[in-house]
Amino acid sequence: MFDVLFQRAIDGQLYIQWLLSGLAWTVLLAFLGWWIAFAIGVVVGIGRTSTNKAVAIAARLYVEIFRNIPVLVQMFLWYFVLPELLPTAMGNWIKQLPPPWGPFFPALFCLSLYTAARIAEQVRAGIEALPAGQEEASAALGLSGYNTKRYIIVPQALRLIIPSLTSEVMGIYKNTSVALTIGLLELTAQARQISEATFQTFTAFAAATLLYLALALVAYQLMLWIDRRFQIPGHAPAKKARGFAILRRGGAL
């Protein structure tokens, strides 16, 4: 079924090389986008729990704007609208960036800021899930609010939300496919090109599907390892905790 991928395209390359090139751009876009999104999301998530009303309102505005506008619309805004809003010289420089960098950077900014808004809500939920007494105890020990957040609250919150961050990691890989709409030849775009060149639509998109599945499984296993590695003692998942309880009762009997 996948024999067509080993045929030569009009540029002399094998079609599978087109797919692997798209895979490389997908991984690069998702990898860079994730770390930018994580850094911004942590800062905004902390801001969502700030006692300073101006900071909390600004953080909430960021989340509401970027989380509630469809990612496709944001992609078009970054690529088509932003250069028109900038000074003429800067806007022309952005428009003249050679491919694939021309569409790559707008896609990177779009996915980073969109995913950061989602991560921010995860961070906020993790912080609010911690007992309030921890901040009071930190204050009693003489820690400032900044040091309490930095050394006590945020590290625990991040460890709590690792399972929910797993879906965001896999989500950003899937959202990279939207970049094809602005001309980035990532995995889905390359699959579409193979389909149009060979008329083997099923083969092209089946291969792309398998590559996306492989990426998702790798990301899931990596996040599962991170979760086990940094799990807070005494916060085992419910299923595992029930197993431990049954073992203890069995030992008691």
Side-chain angles (χ1 to χ4, degrees), residues 30-75 77-78 108-141 143-176 178 216 219-220 222-241:
F31 180 80
L32 295 179
W34 167 256
W35 287 111
I36 295 172
F38 183 75
I40 297 174
V42 170
V43 173
V44 176
I46 294 171
R48 291 279 279 119
T49 63
S50 175
T51 55
N52 186 312
K53 287 188 177 181
V55 172
I57 290 173
R60 181 171 182 178
L61 283 174
Y62 173 88
V63 170
E64 296 300 332
I65 290 172
F66 285 96
R67 188 179 61 167
N68 293 314
I69 297 177
V71 66
L72 179 60
V73 175
Q74 294 186 45
M75 192 74 71
L77 290 175
W78 278 102
L108 179 62
F109 297 146
C110 171
L111 292 178
S112 298
L113 296 178
Y114 172 78
T115 307
R118 298 176 59 87
I119 293 174
E121 285 300 277
Q122 305 283 0
V123 173
R124 177 190 63 81
I127 291 174
E128 292 180 348
L130 295 173
Q134 294 201 17
E135 292 192 17
E136 298 171 359
S138 300
L141 292 172
L143 289 176
S144 64
Y146 171 78
N147 285 332
T148 299
K149 280 281 199 301
R150 179 179 178 183
Y151 295 111
I152 307 297
I153 303 301
V154 174
Q156 291 186 81
L158 292 179
R159 293 167 76 177
L160 280 176
I161 65 173
I162 289 174
S164 59
L165 288 180
T166 301
S167 62
E168 302 302 333
V169 172
M170 293 190 288
I172 196 170
Y173 278 103
K174 292 183 287 185
N175 287 334
T176 57
V178 180
Y220 175 77
L222 178 61
M223 293 300 292
L224 187 62
W225 177 83
I226 293 174
D227 184 28
R228 290 172 176 169
R229 175 68 176 79
F230 294 100
Q231 188 178 90
I232 299 175
H235 284 76
K239 187 175 181 180
K240 186 184 294 187

K.L.:
Taking it one step at a time, do Val71 and Phe66 satisfy side-chain contact (heavy atoms from CB on, under 4.5 Å)?
P.N.:
CA-CA 8 Å; Val71 66; Phe66 285 96; over 6 Å; no
K.L.:
Please report the shortest heavy-atom distance between Ala219 and Met170, naming the atom on each side.
P.N.:
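In terms of heavy atoms, the two residues are closest at CB-CG, 4.0 Å.
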K.L.:
Run the side-chain hydrogen bond (donor to acceptor under 3.5 Å, both in side chains) test against Ser50 and tell me which residues pass, sequence neighbours left out.
P.N.:
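Testing Ser50 for side-chain hydrogen bond (donor to acceptor under 3.5 Å, both in side chains), a comparison that skips the adjacent residues, returns none.
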K.L.:
Working to the nearest 0.5 angstrom, can you tell me the gap between Leu222 CG and Ile226 CD1?
P.N.:
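Going from CG on Leu222 over to CD1 on Ile226, the span is 4.0 Å.
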K.L.:
With Arg67, which residues qualify under salt bridge (charged side-chain N to carboxylate O under 4.0 Å, His left out), at least two apart?
P.N.:
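Checked Arg67 against salt bridge (charged side-chain N to carboxylate O under 4.0 Å, His left out); matches are Glu64, Glu121.
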K.L.:
Please confirm whether the backbone N or O of Ile69 pairs with a side-chain atom of Gln74, one donor and one acceptor, at under 3.5 Å?
P.N.:
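Pair found, side chain donor or acceptor close to backbone of Ile69.
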K.L.:
Which atom pairs, donor and acceptor, lie under 3.5 Å between side-chain atoms of residues 113-120 and protein residues at least two apart or in another chain?
P.N.:
| residue | atom | partner | partner atom | Å |
| --- | --- | --- | --- | --- |
| Thr115 | OG1 | Leu111 | O | 2.7 |
| Arg118 | NE | Glu168 | OE1 | 2.9 |
| Arg118 | NE | Glu168 | OE2 | 3.4 |
| Arg118 | NH2 | Glu168 | OE2 | 3.3 |

K.L.:
Of all heavy-atom pairs between Val44 and Ala59, which one has the smallest distance, and what is that distance?
P.N.:
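Val44 and Ala59 have their closest heavy atoms at O-CB, 3.6 Å.
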K.L.:
Backbone N or O of Arg60 within a donor-acceptor pair of the Arg48 side chain at under 3.5 Å?
P.N.:
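No, because the side chain of Arg48 does not come within donor-acceptor range (under 3.5 Å) of the backbone of Arg60.
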K.L.:
Of the non-hydrogen atoms in Gly126 and Ala157, which two are nearest, and what is the gap between them?
P.N.:
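Heavy-atom minimum between the residues: C-CB, 3.6 Å.
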K.L.:
Among pairs that include at least one residue of residues 33-43, which meet salt bridge (charged side-chain N to carboxylate O under 4.0 Å, His left out), considering only residues two or more places apart or in two chains?
P.N.:
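Not a single pair qualifies under salt bridge (charged side-chain N to carboxylate O under 4.0 Å, His left out).
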K.L.:
Given the rule in the side-chain contact (heavy atoms from CB on, under 4.5 Å) test, do Leu224 and Thr166 qualify, once you have shown the distances and angles that lead to the verdict?
P.N.:
CA-CA 8 Å; Leu224 187 62; Thr166 301; over 6 Å; no
K.L.:
Under the ring pair (Phe, Tyr, Trp, His ring centres under 6.0 Å) rule, what pairs show up with a residue in residues 144-169, not counting sequence neighbours?
P.N.:
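Pairs touching residues 144-169 that pass the test: none.
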K.L.:
Rounded to the nearest 0.5 Å, how far apart are CG of Leu77 and SG of Cys110?
P.N.:
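It is 8.5 Å, given to the nearest 0.5 Å.
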K.L.:
What heavy-atom pair brings Ser138 and Ile152 nearest, and what distance separates the two atoms?
P.N.:
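Ser138 and Ile152 have their closest heavy atoms at OG-CG1, 3.8 Å.
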K.L.:
How close do Val123 and Ile46 get, counting heavy atoms only, and between which atoms?
P.N.:
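Here Val123 and Ile46 meet closest at CG1-N, 4.2 Å.
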K.L.:
Roughly how far, to the nearest 0.5 Å, is CG of Asn175 from CG of Leu72?
P.N.:
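Reported value, rounded in 0.5 Å steps: 10.5 Å.
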K.L.:
Rounded to the nearest 0.5 Å, how far does CD1 of Ile161 lie from CD1 of Ile127?
P.N.:
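Going from the CD1 atom of Ile127 to the CD1 atom of Ile161 covers 8.0 Å.
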K.L.:
Quick one: pull up CZ in Arg228 and CD1 in Ile162 and give me the separation to the nearest 0.5 Å.
P.N.:
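So the CZ of Arg228 and the CD1 of Ile162 are separated by 12.5 Å.
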K.L.:
Decide yes or no on side-chain contact (heavy atoms from CB on, under 4.5 Å) for Leu130 and Leu160, but give the supporting numbers first.
P.N.:
CA-CA 9 Å; Leu130 295 173; Leu160 280 176; 3.5 Å; yes
K.L.:
Checking Asp227 side chain against Met223 main chain: does a donor-acceptor pair fall under 3.5 Å?
P.N.:
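Pair absent, no side-chain N/O of Asp227 close to backbone of Met223.
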K.L.:
Donor-acceptor pairs under 3.5 Å, side chain of residues 35-42 to any protein atom, not counting sequence neighbours: which ones?
P.N.:
none

